[in-house]
Amino acid sequence: FFFLMIRRPPRSTQSRSSAASDVYKRQVSNYYRKFTKYAYYNDILIGAISCREEQRNNEDTLYILTIGVLEPYRKYQIGSQLVEEILRMVKEKKNIKSIYLHVQVGNDVALNFYQRLGFEIAETIPDYYTNITPTACNLLRKKVNQE
């Protein structure tokens, strides 16, 4: 049995765990607080997702900026729970029509993860990255609130 608590960023940035997580919380929480969620286990921050609302092709969208789960906890579907919580929030906000993100070409683990959650490759962008190889990325998209 694995108990996981997913919640919004705290208003206070008092330390819950490490100094590194506090820096992340201060930087991300203040600007992207609305669509940021943290996963805790026994009061330890073990995962997070942060997104921002954007206009893309004359459509309200949500962009997944970052998602991460500490390696020892990855087998417990915490990343999936974080994405599913964001999806639940987006369904309540009817104006958002799609969620998208970039995944480096060759990152098959990430690609498979998002495809299991219903994301599809919308396009492949060559030379998207400048400091890593391969430089191409896949733009993944999931349509939501389509009537």
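Count residues from 1 along the sequence.
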Working to the nearest 0.5 angstrom, can you tell me the gap between [X] [atom1] and [Y] [atom2]?
X: N57; Y: S98; atom1: CG; atom2: OG; value: 8.5 Å
X: K142; Y: I99; atom1: NZ; atom2: CD1; value: 7.5 Å
X: L65; Y: F35; atom1: CG; atom2: CZ; value: 12.0 Å
X: Q77; Y: E84; atom1: CD; atom2: CD; value: 8.0 Å
X: K34; Y: C51; atom1: NZ; atom2: SG; value: 12.0 Å
X: C137; Y: Y129; atom1: SG; atom2: OH; value: 5.0 Å

Derivation of the salt bridge (Lys or Arg N to Asp or Glu O under 4.0 Å) call for E123 and R141: CA-CA 9 Å; E123 67 178 295; R141 184 172 129 180; over 6 Å; no
Within one Ile-Leu-Val-Met-Phe-Trp-Tyr cluster: V105 and F119, side-chain cutoff 4.5 Å: no
ILVMFWY network linking I132 to L139, side-chain heavy atoms under 4.5 angstrom: yes
H102 and Y128 aromatic ring geometry - parallel, tilted or perpendicular at 30°/60° bounds: parallel
Mutual orientation of the aromatic rings belonging to Y38 and Y40 [parallel < 30°, tilted 30-60°, perpendicular > 60°]: perpendicular
Which heavy atom of [X] sits nearest a heavy atom of [Y], and at what distance?
X: T124; Y: P126; result: O-CD, 3.6 Å
X: G68; Y: L82; result: O-CD1, 4.5 Å
X: I96; Y: N145; result: O-ND2, 2.9 Å

Backbone of D108 reached by a side-chain donor or acceptor of N112 within 3.5 Å: yes
Check: K91 main-chain N/O paired with K94 side-chain donor or acceptor under 3.5 Å: yes
Partner of F113 by side chain to side chain contact (heavy atoms under 4.5 Å, CB included), out of V109, L111, L117: L117
Determine whether [X] and [Y] make a side-chain contact, defined as any pair of heavy atoms from C-beta on separated by less than 4.5 Å.
X: L140; Y: Y100; result: no
X: I49; Y: T66; result: no
X: E120; Y: K143; result: no

Any donor-acceptor N or O pair under 3.5 Å, side chains Q55, T61: no
Charged N-O contact under 4.0 Å between R88 and E92: yes
